[in-house]
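Each remark here refers to the structure printed beneath this line.
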Amino acid sequence: MSKQFETKAIRQQLERSQYLEHSTPLYLTSSFVFEDDEDMRAAFAEEKERNIYSRFSNPNTQELIDKMCALEEAESGVAFATGMGAIFSTFAALLNSGDHVISARSVFGSTHTLFTKYLPKWNIETSYFDVNIPETISELIRPNTKLIYAETPTNPGVDLLDLEQLGAVAQKHGLILIIDNCFATPYLQQPLKYGAHLVIHSATKLIDGQGRVLGGITVGNKDLIREIYVFSRNTGSAMSPFNAWVLSKSLETLAVRVDRHCDNAFALAKALEKHPLINWVKYPFLPSHPHYQTAKKQMRKGGNIISFEIKGGIDAGKRFLNAIVLCSLSANLGDTRTIITHPASTTHSKLTAEDRTAVGITDGLIRLSVGLEHIEDIKADLLNALEQL
Ligand SMILES: *Cc1c(COP(=O)(O)O)cnc(C)c1O
């Protein structure tokens with residue numbers, strides 16, 4: 001019988017070396033040696049799998065990839081220096097000049113920049129669908145459409161897309177479905193089960209979970225992964241062995257960490273929902289969430305991201321942020337430390353109010369990445385800041 005999630009996250013590891021170490025050592029080496037000329041020839045001819053050079057592969061990176069494949073139930077994977085390295089390399093490897101992409105309108109900011117600024121350089125156009133009306137995807141399909149791209153839950157709106165529905169559309173039209181599973185992690189949601197072909201992660205977020213290292217990974221269908229691997233091996237956005245070692249170690253505690261993140265977030269969402277200065281709270285496992293049924297169907301728990309709208313617009317948002325004492329104002333998420341952002345006045349201030357509304361960012365929207373501090377301390381910080389509005 002295949003092992004349970006937590007067991008795989010801990011026991012999927014490299015074979016022990018001659019020293020019989022209990023936990024995996026760090027293989028900090030740029031290259032590997034060959035026995036003789038024939039050994040080297042066979043390695044370069046790819047007649048056998050072995051490490052040659054750490055831009056191509058490294059034992060620590062391989063351990064992380066194998067573990068992520070076990071957790072996402074994927075055939076194969078590639079690791080990258082960052083989440084954006086994973087996303088860009090996946091697109092660059094699979095798309096050709098003249099191809100067309102369909103993406104959810106609300107995606108991570110840098111991913112959106114790839115669609116608007118870089119892919120057009122190679123004559124690749126992107127069409128967008130509103131996450132609240134995914135039925136419109138079919139209308140966007142063209143003869144040259146190659147792939148569908150989406151995140152769920154979305155950033156920063158915390159909207160949800162029905163993975164089963166996306167999988168069905170992709171299958172019906174023969175399109176590649178790619179899901180950025182960063183907000184959920186494989187512990188909460190496994191998109192490959194619903195027909196996604198590839199899953200991408202920014203490992204920088206909950207996979208590291210402690211705000212220390214950057215990393216990215218793409219896992220899924222082995223033929224697609226092969227193309228992405230060859231692209232990565234030749235273009236150089238490989239993950240460092242050190243980061244892979246940290247991230248593989250982090251995965252050992254993913255389930256317990258994410259459980260607590262979710263429990264804290266759910267408790268906080270319920271407390272905030274009752275507050276008179278808050279118009280609405282969006283959290284996947286609150287019955288008031290517009291996609292609550294989808295959340296229950298495809299997620300184990302609701303995740304650690306909450307969005308809510310405070311009364312009073314942009315100015316109230318700024319004052320609220322400035323009254324926060326414990327939580328951090330930072331451009332990360334999925335850290336042990338609770339992070340709070342006011343997108344309209346900070347991360348998304350360059351967009352026009354109209355463009356912000358199109359991706360669900362209203363003037364009073366606050367995004368919280370709930371951390372692992374004690375729930376009562378997080379709650380007190382937020383309620384105290386609300387009191388000062
Ligand atoms: C952070 C993030 C990325 C990019 O990851 P990096 O590791 O910062 O390059 C991509 N997608 C989502 C949803 C993210 O939150």
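The first residue of the sequence shown is numbered 1, and numbering continues consecutively from there. Hydrogens, waters and symmetry mates are skipped; everything else that's a heavy atom, side chains included, is used.
Arg337 and Asn332 share no donor-acceptor pair across their side chains, judged by distance under 3.5 Å alone. At a cut-off of 3.5 Å, with distance as the only test, no side-chain donor of Asn51 or Gln62 sits close to an acceptor on the other residue. Looking only at atom types and distance, the side chain of His173 has no donor-acceptor partner in the side chain of Thr145 under 3.5 Å away.
For the pair Lys296 and Phe285, the cation-pi test (distance below 6.0 Å, angle within 45°) is passed. Under the 6.0 Å distance and 45° angle rule, Lys270 counts as a cation-pi partner of Phe266.
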Hey, can you pull the donor-acceptor pairs under 3.5 Å for the side chains in residues 357-366, sequence neighbours left out?
residue, atom, partner, partner atom, Å
Thr357, OG1, Ala353, O, 2.7
Thr362, OG1, Glu309, OE2, 2.6

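Between Asp263 and Lys301 there is a salt bridge, since at least one side-chain N of the basic residue sits less than 4.0 Å from a carboxylate O of the acidic one. The pair Lys193-Glu73 meets the salt-bridge criterion, since a charged nitrogen lies less than 4.0 angstrom from a carboxylate oxygen. Ion pairing of Lys249 with Glu252 is absent here, as no side-chain N (NZ or NE/NH1/NH2) approaches a carboxylate O to less than 4.0 Å. Remark: Lys48 does not engage Glu35 in a salt bridge, criterion side-chain N to carboxylate O under 4.0 Å. In this structure, Arg41 pairs ionically with Glu38, as a charged nitrogen and a carboxylate oxygen lie closer than 4.0 Å. A salt bridge links Glu164 with Lys297; the closest basic N to acidic carboxylate O contact falls under 4.0 Å.
Side-chain atoms of Ser328 never come within 3.5 Å of backbone atoms of Ser330 as a donor-acceptor pair (strictly under, hydrogens ignored). Within the 3.5 Å criterion, the main-chain N or O of Ala43 finds no donor-acceptor partner in the side chain of Glu47. Between the side chain of His261 and the backbone N or O of Val370, at least one donor-acceptor pair lies under 3.5 Å. In this structure, the side chain of Lys8 engages the main chain of Ala70 through a donor-acceptor pair within 3.5 Å. A side-chain donor-acceptor contact under 3.5 Å links Thr253 to the backbone of Ser250.
Cluster annotation: Phe183 and Leu372 are assigned to distinct hydrophobic clusters (Ile/Leu/Val/Met/Phe/Trp/Tyr, side-chain heavy-atom contacts under 4.5 Å, transitive). In this structure, Ile87 is not a member of the same hydrophobic cluster as Leu247, with clusters built from ILVMFWY side-chain heavy atoms closer than 4.5 Å.
Ring planes of Phe56 and Tyr53: perpendicular class, angle over 60° (limits at 30 and 60°). Classified by interplanar angle (parallel below 30°, tilted 30° to 60°, perpendicular above 60°), the ring pair His112/Tyr128 is tilted. Under the 30°/60° scheme for interplanar angles, the aromatic rings of Phe44 and Phe34 are found to be tilted.
Two residues are said to be in side-chain contact when any heavy atoms from C-beta on lie closer than 4.5 Å; Phe129 and Glu135 fail this criterion. In this structure, Ser57 and Phe32 have side chains that are not in contact, with every pair of non-hydrogen atoms separated by 4.5 Å or more. Glu227 has its side chain out of reach of Val230: every pair of non-hydrogen atoms, C-beta onward, lies at least 4.5 Å apart. When side chains are defined from C-beta on, Gln12 does not count as touching Lys3, because their heavy atoms never get closer than 4.5 Å. A heavy-atom distance below 4.5 Å is not found between the side chains of Ile178 and His197. Contact annotation: the side chain of Thr341 never approaches that of Leu329 to less than 4.5 Å [non-hydrogen atoms, C-beta and beyond]. Looking only at side-chain heavy atoms (C-beta outward), Lys146 and Leu95 come within less than 4.5 Å of each other. Contact annotation: the side chain of Glu75 never approaches that of Cys69 to less than 4.5 Å [non-hydrogen atoms, C-beta and beyond].
Residue pairs satisfying the ring-ring contact (aromatic ring centres under 6.0 Å, His included) criterion with at least one member in residues 338-389, sequence neighbours excluded, are absent.
Taking every heavy atom of both residues into account, Ile339 and Leu333 meet most closely at CD1-N, 4.1 Å. The two atoms that bring Ser369 and Asn304 nearest to each other are OG-ND2, 3.2 Å, heavy atoms only. Between Thr336 and Gln210, the shortest heavy-atom distance links the atoms CG2-CG, 3.8 Å. The two residues Pro276 and Lys311 make their nearest non-hydrogen contact at O-NZ, 2.9 Å. Shortest non-hydrogen contact noted between Asn279 and Ile310 is ND2-O, 4.3 Å.
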Next item on the list: Please assess Tyr149 against Phe91 for the test ring pair (Phe, Tyr, Trp, His ring centres under 6.0 Å), listing each intermediate value before the final yes or no.
Entry: CA-CA 10 Å; Tyr149 185 87; Phe91 290 155; 5.2 Å; yes
